[in-house]
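Chain identifiers are assigned alphabetically (A, B, ...) following the order of the sequence lines, protein sequences preceding nucleic acid strands; residue numbering begins at 1 within each chain.
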There are 2 protein chains.
Amino acid sequence: MAIRPAEQLIHKAAWLYYAHGLRQDEVANQLNISRASVAMYLRKARETGIVNISTSTQLFTDDVMARRLEDALKLDAVWIAPENAYLADPSTDIAVLAASVFLELVRKGDRIGVAWGRTVYTIADIMSYADLQDVTVVQLCGNLGAPYSYRPDQCTMEIARRLNAKGLNFYAPLVLSTEALAQGLRAEPVIRDQLAGISDCDLALYSIGAVDADSHLVKCGALTAAEMAALRKEGAAGVIAGQIIDAGGELLDCSYNRRVISAGLASLRVIGKRLMVVQEDSKFEPLLAAIAGGLCTHLVVGAHMAQRLLDHAGASAEKAS
Amino acid sequence: MAIRPAEQLIHKAAWLYYAHGLRQDEVANQLNISRASVAMYLRKARETGIVNISTSTQLFTDDVMARRLEDALKLDAVWIAPENAYLADPSTDIAVLAASVFLELVRKGDRIGVAWGRTVYTIADIMSYADLQDVTVVQLCGNLGAPYSYRPDQCTMEIARRLNAKGLNFYAPLVLSTEALAQGLRAEPVIRDQLAGISDCDLALYSIGAVDADSHLVKCGALTAAEMAALRKEGAAGVIAGQIIDAGGELLDCSYNRRVISAGLASLRVIGKRLMVVQEDSKFEPLLAAIAGGLCTHLVVGAHMAQRLLDHAGASAEKAS
DNA sequence: CACGGCTCTCGACAAAAGTCAAATTTGGAT
DNA sequence: ATCCAAATTTGACTTTTGTCGAGAGCCGTG
């Protein structure tokens with residue numbers, strides 16, 4: 001991709017510095033360049049993923065609460081960000097953790113499905129770079145012509161860029177005005193192939209949306225606040241990959257869902273690792289719905305949300321007995 | 001393993017510094033400790049593998065020569081350390097590369113077989129630390145009561161320590177004085193289980209030994225220089241995991257081999273990734289034998305050796321046509 | 001409870017790394 | 001061949017990090 005000589009030099013500098021443990025000035029005279037250049041090369045090496053610095057996320061799964069949640073909710077793994085213990089901004093903490101977890105879950109050669117939303121974009125934004133050329137990042141749902149920077153295609157592309165991976169976008173609106181048109185578009189080869197390829201993913205990254213006037217669906221004009229409220233009455237519990245699910249985690253039977261171009265829930269459930277990240281405490285019910293529907297195998301949440309989930313699971317168990 | 005509070009602090013410091021990108025002094029007042037302590041914790045975090053710094057080894061496989069070697073020798077991957085281009089000591093360069101490649105090949109949950117020798121021990125010695133608790137490192141061959149620090153059990157244990165993995169040693173001599181005794185010992189449950197477990201490995205790490213008076217087998221008293229010379233006349237081409245192979249990479253039919261307690265070549269060939277590392281140019285013929293015998297799928301060598309291998313492969317091809 | 005041995009922590013200094021504007025080189029267009 | 005714009009490189013400076021010995025806390029022992 002890039003030109004040879006520059007890449008080569010960056011790699012050599014990174015190799016001598018990180019692998020051999022030389023100092024920057026030692027690297028500088030090995031390569032006959034100034035130390036300042038070495039410093040610059042090393043920054044580039046980190047930014048391009050030639051060197052990887054990763055921190056183990058063990059501590060966040062080792063937590064007793066995380067273990068109990070895994071059991072209670074039958075999830076493969078749970079990470080809990082210890083709220084307000086670390087930084088001023090609590091949501092950043094969750095995103096940083098999610099980004100690390102994500103990078104830990106990615107394997108070479110993987111195909112990764114990425115949905116969209118503020119959470120996903122925040123993760124993409126703080127994610128460190130990696131060198132995973134044979135990875136493919138695919139977009140899970142259609143686009144919204146939003147004024148926001150976290151459009152589905154943006155999320156996909158940004159993550160692909162960070163990973164040095166291939167990004168596979170598809171350009172269809174998330175929601176159309178008639179069911180017939182949506183059906184027709186889904187049958188288009190370009191779109192059909194993209195949607196069919198989703199079930200081949202090894203890993204999915206998404207968050208869950210709330211069914212309220214603050215939802216991106218409302219902000220981006222896909223639905224009006226009134227329509228949203230109506231859907232809520234009809235049993236809408238959450239939004240996943242642009243689609244509305246009920247409390248059981250199944251697709252809600254409504255006109256909106258039939259007009260959407262997105263990854264079917266069945267395709268999502270086939271994906272081996274489904275990483276769900278939830279930042280806001282307000283998304284408690286939506287998250288319960290997603291878990292009930294088996295849309296999540298790996299979960300990253302804040303401590304407060306974790307406690308609520310655990311209380312809920314405990315209460316349900318008690319009621320059942 | 002270690003005490004809670006210290007581990008926790010190390011992890012927190014590492015998290016804030018490496019994942020969130022705070023400066024050491026910022027971390028220090030977040031945690032209410034001095035910056036000096038933070039620096040110390042961070043060093044410990046690196047030393048225990050809580051943070052991982054790895055450099056991509058791409059450049060060394062991307063090399064045209066490496067690609068051609070892969071084709072010519074039918075190997076899965078070849079890495080070539082550009083000799084004398086980097087550092088004073090050429091063999092260190094190969095070992096550093098080999099260690100990085102090794103860490104790149106290891107996956108969580110893997111079982112790893114490790115042989116012994118100066119090369120393997122050098123690799124273990126410069127290998128950086130990682131956090132791979134569910135990995136198991138098994139010893140491929142019996143021990144030699146050597147005065148050297150690179151005994152089979154040492155190599156296994158050191159690598160296990162670096163990886164924070166489980167080390168599985170077995171305490172049998174590499175070679176016994178009679179075939180009957182060797183047979184009896186191989187039938188011992190402890191030994192039998194260990195040997196049987198070798199074929200379950202996902203990754204093997206070894207080098208190749210030369211058949212000469214400098215061999216460790218001679219230095220450690222397993223064979224006399226005269227015996228070695230005799231074996232050479234009988235067709236011995238190399239030493240792998242303590243066993244003697246002929247030019248075709250098959251076990252040489254000799255008393256010595258029948259008296260050895262080690263991983264059978266068949267078990268080794270079953271292992272998915274067989275990483276062979278060769279430092280010395282003098283090991284050209286032994287390496288050819290190992291490759292001929294399918295004992296190596298991944299190879300790390302110096303540029304000079306790579307050139308010789310390529311020339312040889314070219315010459316053979318020409319002769320054949 | 002006083003004592004040594006032990007680890008952990010800190011302040012101060014030294015070393016190394018990061019940064020920036022100026023200077024130089026590079027590559028391309030005319 | 002000549003020029004200009006963009007990118008690269010550098011020296012000088014600032015900030016950040018690493019290190020070390022001194023001192024503080026801790027614990028089992030005499």
query: Can you list every pair that meets salt bridge (Lys or Arg N to Asp or Glu O under 4.0 Å) and has a residue in residues 116-131 of chain B, with sequence neighbours left out?
result: B/Arg118-B/Glu280, B/Asp125-B/Arg162
message: By the salt bridge (Lys or Arg N to Asp or Glu O under 4.0 Å) test, which pairs, at least two apart or in different chains, include something from residues 27-46 of chain B?
response: none
side-chain hydrogen bond (donor to acceptor under 3.5 Å, both in side chains) with [X]: which residues, sequence neighbours excluded?
X        : value
A/Ser128 : none
B/Asp153 : B/Arg151
B/Thr156 : none

Atom-pair distance ([atom1] on [X]; [atom2] on [N]), nearest Å:
X       : N      : atom1 : atom2 : result
B/Asp25 : C/dA12 : CG    : C1'   : 16 Å
B/Ile53 : C/dA17 : CD1   : C1'   : 14 Å
A/Tyr18 : C/dA16 : OH    : P     : 16 Å
A/Ile33 : D/dT10 : CD1   : C1'   : 11 Å
A/Leu16 : C/dA17 : CG    : P     : 13 Å
A/Asn32 : D/dT9  : CG    : P     : 13 Å
A/Leu22 : C/dA15 : CG    : P     : 19 Å

query: For the helix from C/dC1-D/dG30 to C/dT30-D/dA1, what angle lies between the axis at the first five pairs and the axis at the last five pairs, to 10 degrees?
result: 20°
Set of residues satisfying side chain to side chain contact (heavy atoms under 4.5 Å, CB included) with respect to B/Asn29, sequence neighbours excluded: none
Sequence neighbours excluded and cut-off under 3.5 Å, please list the side-chain donor-acceptor pairs for residues 300-309 of chain B, or say none.
| residue | atom | partner | partner atom | Å |
| --- | --- | --- | --- | --- |
| B/His304 | ND1 | B/Asp281 | OD2 | 2.4 |
| B/Gln307 | NE2 | B/Asp311 | OD1 | 3.0 |
| B/Arg308 | NH1 | B/Asp281 | O | 3.2 |

task: Quick one: sort the A/His298 and A/Trp79 rings into parallel, tilted or perpendicular, breaks at 30° and 60°.
output: parallel
- prompt: With side chains defined as the heavy atoms from C-beta onward, is the minimum distance between A/Leu69 and A/Leu75 less than 4.5 Å?
  reply: no
query: Taking only side-chain nitrogens and oxygens of A/Ser37, does any of them come within less than 4.0 Å of OP1 or OP2 of D/dT9?
result: no
field: Base versus backbone protein contacts along nucleotides 18-27 of chain C [heavy-atom cut-off under 4.0 Å; B, S, -]
entry: BB--------
